[in-house]
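What follows is one structure encoded as C-alpha cells, with my remarks underneath.
Proteins come first, then strands; the chains are lettered A, B, ... in the order of their sequence lines, and each starts at number 1. Since the structure is predicted, the reported quantities are computational estimates derived from the model, not experimental observations. Because only heavy atoms are used, hydrogens play no part in the values below, and waters and symmetry mates are left out as well, while side chains stay in.
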There are 14 protein chains.
Amino acid sequence: MDTLGIIGAVAMIMSGLTISIGSIAPALAEGRAVAQALSAIAQQPDEANTISRTLFVGLAMIESVAIYCFVVSLILIFANPFWNIAVSKMGG
Amino acid sequence: MDTLGIIGAVAMIMSGLTISIGSIAPALAEGRAVAQALSAIAQQPDEANTISRTLFVGLAMIESVAIYCFVVSLILIFANPFWNIAVSKMGG
Amino acid sequence: MDTLGIIGAVAMIMSGLTISIGSIAPALAEGRAVAQALSAIAQQPDEANTISRTLFVGLAMIESVAIYCFVVSLILIFANPFWNIAVSKMGG
Amino acid sequence: MDTLGIIGAVAMIMSGLTISIGSIAPALAEGRAVAQALSAIAQQPDEANTISRTLFVGLAMIESVAIYCFVVSLILIFANPFWNIAVSKMGG
Amino acid sequence: MDTLGIIGAVAMIMSGLTISIGSIAPALAEGRAVAQALSAIAQQPDEANTISRTLFVGLAMIESVAIYCFVVSLILIFANPFWNIAVSKMGG
Amino acid sequence: MDTLGIIGAVAMIMSGLTISIGSIAPALAEGRAVAQALSAIAQQPDEANTISRTLFVGLAMIESVAIYCFVVSLILIFANPFWNIAVSKMGG
Amino acid sequence: MDTLGIIGAVAMIMSGLTISIGSIAPALAEGRAVAQALSAIAQQPDEANTISRTLFVGLAMIESVAIYCFVVSLILIFANPFWNIAVSKMGG
Amino acid sequence: MDTLGIIGAVAMIMSGLTISIGSIAPALAEGRAVAQALSAIAQQPDEANTISRTLFVGLAMIESVAIYCFVVSLILIFANPFWNIAVSKMGG
Amino acid sequence: MDTLGIIGAVAMIMSGLTISIGSIAPALAEGRAVAQALSAIAQQPDEANTISRTLFVGLAMIESVAIYCFVVSLILIFANPFWNIAVSKMGG
Amino acid sequence: MDTLGIIGAVAMIMSGLTISIGSIAPALAEGRAVAQALSAIAQQPDEANTISRTLFVGLAMIESVAIYCFVVSLILIFANPFWNIAVSKMGG
Amino acid sequence: MDTLGIIGAVAMIMSGLTISIGSIAPALAEGRAVAQALSAIAQQPDEANTISRTLFVGLAMIESVAIYCFVVSLILIFANPFWNIAVSKMGG
Amino acid sequence: MDTLGIIGAVAMIMSGLTISIGSIAPALAEGRAVAQALSAIAQQPDEANTISRTLFVGLAMIESVAIYCFVVSLILIFANPFWNIAVSKMGG
Amino acid sequence: MDTLGIIGAVAMIMSGLTISIGSIAPALAEGRAVAQALSAIAQQPDEANTISRTLFVGLAMIESVAIYCFVVSLILIFANPFWNIAVSKMGG
Amino acid sequence: MDTLGIIGAVAMIMSGLTISIGSIAPALAEGRAVAQALSAIAQQPDEANTISRTLFVGLAMIESVAIYCFVVSLILIFANPFWNIAVSKMGG
C-alpha cells in the first residue's frame with residue numbers, strides 16, 4: 001500500500017466522518033429549539049413574532065457549527081493540500 | 001491488496017456510513033419537532049397555521065443537515081476525485 | 001484475498017449496515033410522532049383532521065431520510081460502479 | 001481462506017446483522033405506538049375508532065422500515081449477485 | 001482453518017446472534033405494551049375488551065418482527081445455501 | 001487449531017451467548033409487566049381477575065421470545081448439524 | 001495451544017459469562033417487581049394477599065429465565081459433549 | 001505458553017469476572033427493594049410487618065441469583081474439572 | 001513470557017478488577033438505601049427506629065455481596081491454588 | 001509507509017475529528033440555551049430584552065469554545081509545523 | 001520483555017485502576033447520601049440530629065467499600081507477593 | 001517509521017483530542033448555566049442584576065477549565081519540548 | 001523496547017489515568033452536594049448553619065476519595081518501587 | 001522505535017488525556033452548582049449573600065480537583081523524571 005493510497009483513503013474517511021458526526025449535534029439542537037419554539041407559541045400566541053425572531057437567530061448560530069464541519073469536509077475532498085503534494089511528488 | 005481496491009472499498013464504506021450515521025440525528029430531530037407540533041396544535045387549535053408554518057421552516061433547516069450528508073455520500077460514489085485519479089493511473 | 005473479493009465483501013457489508021443503521025432513527029422518530037398524534041387526538045378529538053394531516057406530512061419527511069439510506073443500499077448492491085470496474089478488469 | 005469463503009461468510013454475517021439490528025427500532029417504535037394507543041383509548045374511549053385507524057396507518061409505516069431490512073437480508077441470502085459471480089468464476 | 005470450518009462457524013455465530021439480538025427489542029416492546037394495557041384497564045375497566053383487542057393486534061405485529069429474526073436464524077442452521085455448496089464442493 | 005476445535009468452541013460460545021443475551025430483554029419485560037400489574041391491582045382491586053388474565057397472556061408471549069433463544073441454544077449444543085458433519089468427516 | 005486447551009478454556013469462559021450476564025436482567029426485574037409490590041402494599045394494605053400471590057407467580061416466571069442460564073452454565077462445566085469427545089479423542 | 005497456563009489463567013479470569021459482574025444486578029436490585037421498603041414504611045407505618053416480610057422474601061430470591069454466581073466462581077477455583085484433567089495429564 | 005509470569009499477572013489483574021468492579025453496585029445500592037432512609041425519616045420522624053432497623057438489615061445484605069468480591073480478590077492474591085502449583089512445578 | 005504519509009494522514013484525521021467532536025457540545029449547549037430562552041420569553045414577555053441580551057452573551061461564550069476547536073482544526077491543515085518540517089526534510 | 005517487567009507493569013496498572021475505578025461508586029453514593037441528608041434537614045429541621053447520625057453510619061459503610069479498594073491497591077504496590085518472588089528468582 | 005514521525009504524529013493527535021474532548025464539558029456546563037439564568041430571570045425579573053453577576057462569575061470559572069485544555073493543546077503544537085529535542089537530535 | 005521503557009511508560013500512563021478517572025466521581029458528587037445545599041438554603045434559610053456544617057463534613061469525606069487517587073498518582077511518579085529497582089538493575 | 005520515542009509519546013498522550021478527561025467532571029459539576037445557585041437566588045433573593053458564599057466555597061473545592069489534574073499534566077510535560085533519565089542515559 002503506497003502513500004498515495006493512504007492519503008486518499010484517509011481524506012475520504014475523514015471527509016465522511018466529519019460531516020456525519022458533525023451533523024448529529026446541530027440537528028438535535030435545532031430539533032430541540034424548534035420544538036420549544038412551537039411549545040412557546042402554543043403557550044403565548046401573542047408573542048409569536050418575538051419567538052420566531054429569537055428562534056431564527058438561534059438556528060443561524062447553531063447552523064454555523066454544522067457549516068464549519070461541512071467546510072472542513074469539502075476542503076478535505078476538493079482542496080486537500082496533503083493530496084496535492086502527494087500527487088505532485090508521485091507524478092514527478 | 002492493491003491501491004485501487006483500497007480506494008474503492010473506502011469510498012463504499014464512507015458513502016454508506018456517512019448517510020446512515022448522518023441520518024440519525026435529523027430523523028430524531030424531525031420526529032421531535034413533529035411530535036411537539038402535534039402537541040401544540042392539540043393545545044392551541046386556533047394557532048394551527050402559525051405552528052405549521054414555523055414547523056415547516058424548522059423541518060427545512062433540519063432536513064438541510066441530512067442533505068449535506070447525502071450530497072457527500074453521492075460525491076463519494078459518483079464523483080470521487082481520488083477514484084478517478086487512481087483509475088487513470090492504473091489504466092495508463 | 002484478491003481485490004474482487006474485497007470489493008464484493010465491502011459492498012455487502014455496507015449495504016446491510018446502511019439500511020440497518022439507517023432505519024433506527026426514522027423508525028424511532030415515526031414511533032414518537034405517531035404516539036404523540038394519538039395522544040393529541042385523545043386530548044382534542046375535534047382537531048383529528050388537522051392533527052392527521054400534520055402527522056402525515058411529518059411522517060413523509062421522516063420516511064424520506066430512511067429512503068435515502070435504502071437508495072444508497074440498493075445502489076451498493078445492484079449499481080455499484082466500483083464492482084463493475086473490478087469485474088471488467090478481472091474479466092479482461 | 002479463499003474468496004468464495006469470504007463472500008459466503010460476509011453474506012451470512014450481513015444477512016443476520018441486517019435483520020437483527022434492523023428489527024430493534026421498529027419493534028420499539030411499534031411498542032411505543034401501541035402503548036400510547038392503549039393509553040389514549042383509556043383516556044377517550046369514544047374516539048377508539050379514530051385512534052385505532054391512526055394507529056394502524058402508523059404501524060404500517062413503521063413496519064415498512066422493518067421490511068426494507070428483511071428484503072435486504074433475504075436478497076443477501078438467496079439473490080446475492082456477488083455470490084453468483086464468485087461461484088461461476090470458481091466453477092469455470 | 002479451511003473454508004468449511006469458516007462457513008460453519010459463521011453460520012452458527014450469526015444464527016445465535018440474530019435471534020438473541022433480535023429478541024431484545026420485541027420483548028421490551030411487548031413488555032411495554034402489556035404494562036400499558038394493564039394500566040389502561042385499571043384506569044378504564046369498562047373498556048377492557050377494546051383495550052385487549054387493540055393489545056393483541058399490536059402484540060401480533062411486534063411478534064412478527066421477532067419471527068423474522070427466528071426465520072433467518074433457522075435458515076442459517078438448517079437451510080443454508082452457502083453451507084450446502086461448501087459441503088458439496090468438498091465432498092466431490 | 002483444527003477445524004473440529006473451532007466448530008466446538010464456536011458452538012459453545014454461541015450457545016452461552018444466545019441464552020444469556022437473549023434472556024435480558026424478556027426478564028426485564030416480564031419484570032415491568034409484573035410491576036405494572038401489581039400497581040394496577042393496587043389501583044383497581046375489583047379488576048384483579050381481568051388484570052391477572054391479561055398479565056398471564058402477556059407473560060406467555062414474552063416468555064415465548066426467551067424460549068426461542070433457549071431452543072436455539074440447545075440445538076447448538078445437542079443437535080448441531082455442523083458438529084455432526086465435522087465429527088463424521090474427521091472420524092472417517 | 002492444542003485443541004483440548006481451547007475447548008476447556010472456552011467452556012469455562014462461556015460458563016462464567018452465561019451465568020453472570022444472564023443474572024443481570026432477572027435480578028433487576030425481580031428487584032423492580034418486589035419494589036413495586038412493596039409500594040402497592042403500602043397503597044392498598046387490604047389487598048396484600050392478592051398482591052403477594054401475583055408477585056410470587058411473577059417472580060417464579062422471572063426466576064425461570066435465570067434458571068435457563070444456570071442450566072446451560074452447569075451443562076458447559078459438567079456435561080459438555082464437546083469436551084467429552086475431545087478428551088476421548090486425545091486419550092485414545 | 002502451555003496448556004496448563006491457559007487453563008489456570010482462564011479459570012482465574014472467569015472466577016473473578018463471574019462474581020464481579022454477577023454482583024452488579026443483585027446489589028442494585030436489593031438496594032432498590034430496600035429503598036422502596038423504607039419508603040413504604042414511611043408511608044404506611046402500620047403495615048411495617050407485612051412490608052418487612054415481603055421484603056425479606058424478595059431479598060432472598062434476589063440473593064439466590066448472586067449465590068448462583070458465587071457458586072460458579074468457587075467451582076472454577078476449587079473444583080475445576082478442566083484443571084484437574086490438565087494437571088493429571090501433565091503430571092503423568 | 002513464561003507460565004509463571006502469566007499466572008501471576010492474571011492473578012493481579014483479576015484481583016484488582018474483582019474488587020473494583022464488584023464495589024460499584026454495592027456502593028451505589030447502599031447510597032440509594034441510605035438516601036431513601038434519610039428521606040423516610042424526614043417524612044415520618046416517629047418511625048425512625050423501624051426505619052433504621054430495616055435499613056441496617058438491608059445494608060448488611062448488600063454489604064454481603066461486596067464481601068463476596070473481596071473474599072475472591074484476597075483468595076486470588078494470598079491463597080491462589082494455580083499460583084502455588086505453578087511455583088512448585090518451577091521450583092522443582 | 002513513509003513518515004510524510006503518516007504526518008499527512010494524522011493531520012487530516014485530527015483536523016476532521018477536532019472540529020466534528022468539538023462541535024457536539026457547543027451545538028447542544030446552544031440548542032439548550034435557545035430553547036430555554038424561548039420558554040422564558042413565553043413566560044415573561046415583558047422581559048424579552050433582558051432575556052435576549054443575556055442569551056446573546058451566553059451564546060458568544062459557548063461559541064468561543066467551538067471556535068477554539070475550529071482554530072486548531074485549520075492550524076492542523078494550513079499551518080502545520082510538523083508537516084512543514086517533514087516536507088522540508090524530504091525535499092532536501 | 002522479561003517476566004519482571006510484566007509483573008511490575010501489571011502491578012502498577014492494576015493498582016491505579018483499582019483505586020480509580022473503585023472510587024467512582026463510593027463517591028457518587030456519598031454525594032447522593034449527603035445531598036439527600038441536606039434535603040431532609042431542610043424538610044425537617046427538628047430531626048437534624050437523627051438525620052446526621054444515620055448519615056454518618058451510612059457514610060461509614062459506603063466509605064468501607066472505597067477502603068477495600070484502597071487496601072488492595074496498596075497491597076499491589078508495597079506488599080506484592082508475586083513481585084517479591086519474581087525479584088528473588090531473578091536476583092538469585 | 002522513525003522516532004520523529006511518531007513524536008510529531010502523537011503531538012498532533014493529542015493536541016486535537018485535548019481541545020476537542022476538553023471542550024465538551026465546559027460547553028455543556030455553560031449551556032446549562034445560561035439556560036438556568038434565563039429561567040431565573042423569567043422567574044424573578046427584579047433580580048436580573050444579581051443573577052447576571054453570579055452567572056458571569058460562574059461562566060468565568062467554567063471557561064477557565066476550557067482554557068486549561070486550550071493551553072495544553074497549543075503547548076503541544078508550538079512549544080513542545082519533546083519535539084524540539086527530537087528535531088535537534090536528528091539535525092545533529 | 002526494553003524493560004525500563006515499559007516500566008516508565010506504564011507508570012506515566014497509570015499516573016495520569018488514576019487522577020483523571022479518579023476525579024470524575026468526586027467532582028460530580030461534590031457538585032451534587034453543593035447544588036443540593038444551595039437548594040436547601042433557599043428552602044430553609046434559618047437552617048443555613050446546620051446545612052453548611054453538614055455540607056462541609058460531607059465534602060471532606062468525598063474529597064478524601066479524590067485524595068486517595070491523587071496519592072496513588074504521585075506515588076507512581078515520584079516514589080515508584082518498581083522504577084527504582086528497574087533503574088538500579090540497569091545501572092549496575 | 002526506541003525507548004526515547006516511547007517515553008516522549010506516552011508523556012504527551014497522558015498529559016493531554018489527563019487534563020481533557022479530568023476537566024469533564026469539574027466543569028459539569030461547576031455548571032450544576034452555578035445553575036442551582038441561580039435557581040436558589042431566584043427563589044430566595046434575600047439570601048443571595050449566603051448562597052453566593054456557599055457557592056464560592058463549593059466552586060473552590062470542585063476547582064481543586066481540576067487543578068490536581070492540571071498539575072499532573074504539567075508535571076508530565078515539564079518535570080518528567082522518566083524523560084530526564086531517558087535523555088541522560090541516551091546522551092551519555
Query - Side chain / backbone / both / neither for G:I77 at chain H, heavy atoms under 4.5 Å - result: both

Query - Contacting moiety of G:A48, where chain H heavy atoms sit under 4.5 Å - result: side chain

What distance do [X] atom [atom1] and [Y] atom [atom2] have between them, rounded to the nearest 0.5 Å?
{"X": "G:S73", "Y": "H:Y68", "atom1": "OG", "atom2": "OH", "answer": "11.5 Å"}
{"X": "G:Q43", "Y": "H:E47", "atom1": "CD", "atom2": "CD", "answer": "13.0 Å"}
{"X": "G:I19", "Y": "H:T18", "atom1": "CD1", "atom2": "OG1", "answer": "9.0 Å"}
{"X": "H:I41", "Y": "G:I41", "atom1": "CD1", "atom2": "CD1", "answer": "11.0 Å"}
{"X": "H:I13", "Y": "G:M12", "atom1": "CD1", "atom2": "CE", "answer": "9.5 Å"}
{"X": "G:Q36", "Y": "H:R32", "atom1": "CD", "atom2": "CZ", "answer": "8.0 Å"}

Per-residue contact mode, [X] against chain G (heavy atom under 4.5 angstrom):
{"X": "H:E30", "result": "neither"}
{"X": "H:N80", "result": "side chain"}
{"X": "H:I62", "result": "both"}
{"X": "H:S23", "result": "neither"}

Report task. Start with the C-alpha gap between G:F70 and H:V65, add the side-chain angles, then the distance that decides, and say whether side-chain contact (heavy atoms from CB on, under 4.5 Å) holds. Result -> CA-CA 9 Å; G:F70 193 49; H:V65 178; over 6 Å; no

For the residue pair [X] and [Y], establish whether any side-chain heavy-atom pair is separated by less than 4.5 Å.
{"X": "H:L28", "Y": "G:L28", "value": "yes"}
{"X": "G:V34", "Y": "H:L59", "value": "no"}
{"X": "H:S64", "Y": "G:E63", "value": "yes"}

Report summary line: One option among G:G8, G:P26, G:S20, G:G31 has the most heavy-atom pairs under 4.5 Å with chain H, and it is G:S20

Report summary line: Between H:Q44 and G:A42 the two heavy atoms that sit nearest each other are CG-O, 2.7 Å

